[in-house]
Amino acid sequence: MDNLSGNLRLLYQILFRAYGRQYWWPGATPFEVMVGAVLTQNTSWSNVERAIRNLDAAQCLTAPAIIAAHPTTLGALLRPVGYFNVKARRIQNFCRWYIARGELLAQFPTVDLRRELLAINGIGPETADDILLYALNRPVFVIDAYTRRLGTRLGILRGDENYEKLRALFETELTPDVALYQEYHALIVRHGKDICRKKHPRCNLCVLQANCPHNL
DNA sequence: GCCCAGGTGTTTC
DNA sequence: GAAACACATGGG
């Protein structure tokens, strides 16, 4: 576990060389990014895109419209993302907070925003950090299942660390750089989608480096 | 037909 | 407190 800083930086370089820039988050506006962050919970992004198109087509891609919509109507638009009844409630909860915060949002300190986001029913640590990093451009490192899996397979992590522990790990070892955090998380997800778990059950480096021990 | 996906909240032991 | 369960669609 020594020289972790070096490991995390090296991993970033390897991923960047393998995949290049990812142009994340896919979303036209910050608000759309926030909505997408809630909708993508345990759901593939292609399904989220359908739901966002539905919202847009129904003139329902604004916070006031989402709040005003009947939960059943909203649920029908969200059908493609799965858990649509749950997520209808969740984005309404989020939008009520978003409206209440109003223009002052951009000026709030990151720690305060994070605490408030986590207090919303339906916003957990990953969703909160997606919103902070990709919609509000705050230097918060996003941890997800791909991050855990990759770190575990590379032997950098044990795998059972809790969310805050992992976030602290990355944020301590990397300089607080929004562009770096945005790109790093995007690369981890890209790699996670790219590798086939059945072909590479043990090691994620195989597909990145020809000199990985498993390829020798 | 079965497993998984850019999680989170509630219920149960 | 941890562990199990509920939420639900679309793609491989």
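In the text below, chain A, chain B and the rest are named by the order of the sequence lines, each starting its count at 1. Remember, predicted model here, so these are calculated numbers, not experimental data.
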Task: Of residues 71-87 of chain A, the positions that come close to DNA chain B - non-hydrogen atoms, cut-off under 4.0 Å - done: A:Y83

TODO: Using the C1' atom on both, measure B:dA5 against C:dA3 and round to a whole Å.
DONE: 22 Å

Task: A:T147 side chain to A:D144 side chain, donor-acceptor N/O pair below 3.5 angstrom - done: yes

Open item on the list: Between A:T152 (side chain only) and A:R148 (backbone N and O only), is there a donor and an acceptor less than 3.5 Å apart?
Closed with: yes

- [ ] Specify the residues of residues 43-56 of chain A, ordered by number, for which at least one heavy atom lies under 4.0 angstrom from an atom of DNA chain C.
- [x] A:N47, A:R50

Open item on the list: Using whole Å, what does the distance between atom C1' of nucleotide B:dT10 and atom CZ of A:R90 come to?
Closed with: 11 Å

For residues 73-87 of chain A, which side-chain donor-acceptor pairs fall under 3.5 Å, sequence neighbours excluded?
{"residue": "A:Y83", "atom": "OH", "partner": "A:N42", "partner atom": "ND2", "Å": "3.1"}
{"residue": "A:K87", "atom": "NZ", "partner": "A:L39", "partner atom": "O", "Å": "2.9"}
{"residue": "A:K87", "atom": "NZ", "partner": "A:Q41", "partner atom": "O", "Å": "3.0"}
{"residue": "A:K87", "atom": "NZ", "partner": "A:T43", "partner atom": "OG1", "Å": "2.7"}
{"residue": "A:K87", "atom": "NZ", "partner": "A:V81", "partner atom": "O", "Å": "3.4"}

Open item on the list: With a 4.5 Å cut-off on side-chain heavy atoms, are A:E173 and A:N7 touching?
Closed with: no

Task: Protein-nucleotide distance (A:M34, atom CE; B:dG7, atom C1'), rounded to Å - done: 19 Å

Task: Heavy-atom donor-acceptor pair, A:T40 side chain to A:G36 backbone, under 3.5 Å - done: no

Open item on the list: So, taking the atom named CD1 in A:I91 and the one named CD1 in A:I120, what distance separates them when rounded to the nearest 0.5 Å?
Closed with: 12.5 Å

Open item on the list: Using the C1' atom as the point on both nucleotides, what is the distance between B:dT8 and C:dG11, in whole Å?
Closed with: 23 Å

- [ ] Determine the Euclidean distance between corresponding C1' atoms of C:dG10 and B:dG9; express it in Å to zero decimal places.
- [x] 24 Å

Open item on the list: What is the distance, to the nearest angstrom, from the CG atom on A:L39 to the P atom on B:dG7?
Closed with: 13 Å

Task: Side-chain donor or acceptor of A:Q107 paired with backbone N/O of A:L105 under 3.5 Å - done: no

Open item on the list: Let's see if you get this right: which residues in residues 118-136 of chain A place a heavy atom under 4.0 Å from DNA chain C?
Closed with: none

Task: Nearest-0.5 Å distance, CG of residue A:L113 to CZ of residue A:R138 - done: 5.0 Å

- [ ] Would you kindly give the OH-to-C1' distance between A:Y146 and B:dC4, to the nearest whole Å?
- [x] 9 Å

Task: For the student: nearest non-hydrogen atoms of A:A63 and A:F31, plus distance - done: N-CZ, 3.4 Å

TODO: Name the first nucleotide and the last nucleotide along DNA chain C (5' to 3') that come under 4.0 Å of a heavy atom in chain A.
DONE: C:dC7 to C:dG11

- [ ] May I have all residue pairs that pass salt bridge (charged side-chain N to carboxylate O under 4.0 Å, His left out) and include part of residues 104-126 of chain A, sequence neighbours excluded?
- [x] A:R101-A:E116, A:D112-A:R115, A:R114-A:D129, A:R114-A:E164

TODO: Give a yes/no on whether any side-chain N or O of A:R149 is located under 4.0 angstrom from OP1 or OP2 of B:dA5.
DONE: yes

